[in-house]
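Only this structure's heavy atoms are used, side chains among them; waters, hydrogens and symmetry mates stay out.
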Amino acid sequence: MWEVMKNPWDRHSNPTGAVNLGVAENHLMETELRDYVAKHVTLRNSAVTYQDGPLGSHRLRDALARFLSRHLATHRPLDAAHIMVTNGVSSALEHVAWALADPGEAFLVGRPYYGEITLRLRPHVRTVPVSFGGLDPLSLPSVRCYEEALLRAREQGQVVRGLLLCSPHNPLGRCYPREVLMALVALCNKYQLHLVSDEVYALSVWRDAPAFTSVLSLDLDSLIDPALVHVLWGVSKDFGANGWRVGCLVSPRNPALRAALSSIAIYSYASSLADTVVAQVLQDDAFTSAYLAENRRRLAAAYAFTTNFLQRHGIPFTAGTQAALFVWADLGWAYRRWHPHAEREGQATSIADDVRDALRRHKVYLASGDNFDSESPDMFRIVFAHPRDRLEEGLRRIHQALLQGVIGVPAGDQPCAPVGIGTGMPVAAPASQGRSLLS
């Protein structure tokens with residue numbers, strides 16, 4: 001990924017560069033955000049100091065409390081004291097893992113999932129992957145899968161401290177229905193697990209069916225000890241500002257956790273310059289409302305363009321996406337369709353390996369199912385939040401990579417039967433078939 005980022009494609013200045021549709025960055029509103037900052041942000045002398053310390057400035061935490069209370073529709077208003085600012089959501093997640101679990105202990109995470117490396121690298125916290133087979137992983141029946149995985153882990157001597165959600169989901173791009181969230185909260189209460197909800201895509205929901213529900217909007221007192229519930233959010237995705245490195249942990253009812261994290265907050269100290277800019281942006285209600293609305297409109301248009309391309313070229317993808325920046329596509333199925341003899345008995349490499357090699361040869365980067373511990377390794381995440389020319393070029397290269405394969409020979413024309421993708425969700429069929437596929 002990092003090598004790809006050093007050689008970005010540009011239609012005019014670097015047409016032979018790599019097209020990066022793998023990193024979850026939102027490029028659709030860059031001009032509007034830049035222009036707003038240039039015209040409206042006023043810097044104070046404190047922007048070049050340590051300001052109020054490593055937890056974030058009082059001004060920013062006040063702004064976050066007000067902004068998130070409004071946009072997450074929290075059951076109780078948030079207070080600045082409930083919030084710890086970090087240099088990105090990844091830092092907040094790492095801190096939570098460090099504080100809530102000892103090395104070798106674990107969190108439940110439903111497959112496919114994002115973020116294991118953040119838990120594992122320095123806190124040495126493990127994940128207990130939850131598999132769903134043919135079930136929709138965001139459905140009510142899937143809650144039983146979490147409980148079964150927890151009980152199996154305990155039987156094997158594994159200590160499980162919590163359950164980690166990405167809501168809206170990464171990489172499926174869907175919202176958890178309210179009743180599913182309530183059931184997961186109740187499950188955590190039953191076994192006294194911490195529930196950590198990463199809601200970094202909360203305001204990038206561009207189709208409200210079902211509507212996004214923050215866990216902080218629930219009446220937690222009736223469901224769980226509220227000290228067990230924590231939320232992560234940042235400006236990286238919803239505002240397209242990954243590089244600002246401003247995220248936060250919101251833990252309204254656990255002062256002990258906040259005290260523990262204050263002891264290591266110096267390691268995730270956000271830049272005072274970014275702190276100042278974000279505070280002023282979030283305080284401007286008229287701008288943020290208009291900005292987020294336009295962002296949702298552009299995301300919806302980019303999704304429609306991408307899925308229309310995939311359908312026209314017979315590439316299946318998971319249906320039901322309504323949020324975030326990406327499509328979960330079955331490139332392995334498409335590769336088999338055009339190369340029916342590619343997978344042979346005893347072959348050392350998998351179809352997913354062949355797809356990755358073909359994409360690399362065509363200089364387009366995608367995150368693969370292996371990056372998400374997917375139950376189906378043939379899935380790839382296509383990020384569509386790009387300017388149209390870059391998105392078109394990336395999709396063209398994906399199609400060419402699948403057609404030409406690893407060795408560049410003409411693709412076969414024998415059709416291949418559709419395969420399930422292991423998520424329990426409908427897959428949009430190739431346009432030529434004109435129907436949905438169910439795994």
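Checked against the 6.0 Å centroid criterion, the rings of W233 and F67 qualify as a close aromatic pair. Under the 6.0 Å cut-off for aromatic ring centres, Y365 and F380 do not qualify, their centroids lying 6.0 Å or more apart. In this structure, W328 has its ring center at least 6.0 angstrom away from the ring center of F317.
Minimum interatomic distance between A241 and L33 (heavy atoms only, all atoms of both residues): CB-CD2, 4.1 Å. Of all the heavy atoms in L72 and S214, the pair that sits closest is O-CB, 3.7 Å.
Relative orientation of the H386 and H27 rings is parallel, given thresholds of 30° and 60° on the angle between their planes.
For the pair R120 (side chain) and R126 (backbone), a donor-acceptor distance under 3.5 Å is absent. Side-chain atoms of H399 never come within 3.5 Å of backbone atoms of I315 as a donor-acceptor pair (strictly under, hydrogens ignored). Panel note: side chain T127, backbone P129; no donor-acceptor pair is recorded below 3.5 Å. No donor-acceptor distance shorter than 3.5 angstrom exists from the side chain of D208 to the backbone of A211, with no hydrogens or angles considered. Side chain of E375 to backbone of G133: a donor-acceptor contact under 3.5 angstrom is found. Remark: side-chain polar atoms of R381 are not paired, donor with acceptor, to backbone N or O of F326 under 3.5 angstrom. When atom types are taken as modelled, the side chain of H339 and the backbone of L402 share a donor-acceptor pair closer than 3.5 angstrom.
Side-chain contact of S251 with N254: a donor-acceptor pair under 3.5 Å is absent, judged by distance alone. D238 and S204 share a side-chain donor-acceptor pair at under 3.5 Å. N26 and N295 form a side-chain donor-acceptor contact under 3.5 Å, judged by distance and modelled atom types alone. Judged purely by distance below 3.5 Å, without hydrogens or angles, the side chains of D373 and Y113 pair a donor atom with an acceptor atom. Between the side chains of H124 and E105, not a single donor N or O lies within less than 3.5 Å of an accepting N or O. A donor and an acceptor atom, one from each side chain of E147 and Y191, are located under 3.5 Å apart. A donor and an acceptor atom, one from each side chain of S90 and R245, are nowhere located under 3.5 Å apart. Judged by distance alone, the side chains of R390 and N20 never bring a donor and an acceptor atom under 3.5 Å apart.
In this structure, D136 pairs ionically with R174, as a charged nitrogen and a carboxylate oxygen lie closer than 4.0 Å. D221 has a carboxylate O that lies under 4.0 Å from a charged side-chain N of R253, or vice versa, which qualifies the two as a salt bridge. A salt bridge does not link R336 with D354: every distance from a Lys NZ or Arg NE/NH1/NH2 to an Asp or Glu carboxylate oxygen is 4.0 Å or more. Between E148 and R144 there is a salt bridge, with a side-chain nitrogen of the basic residue lying less than 4.0 Å from a carboxylate oxygen of the acidic one. Ion pairing between a basic and an acidic side chain is recognised when a charged N comes within 4.0 Å of a carboxylate O; D79 and R61 show no such pairing. Salt bridge status for K237 with E25: absent, with no side-chain N to carboxylate O gap under 4.0 Å.
Taking the centre and axis of the six-membered ring of F305, the NZ or CZ atom of R388 falls inside the cone set by 45° and 6.0 Å.
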**OP:** Take E393 and R396, measure what salt bridge (charged side-chain N to carboxylate O under 4.0 Å, His left out) needs, and give me the verdict at the end.
**Re:** CA-CA 5 Å; E393 178 67 12; R396 185 190 68 80; 2.8 Å; yes
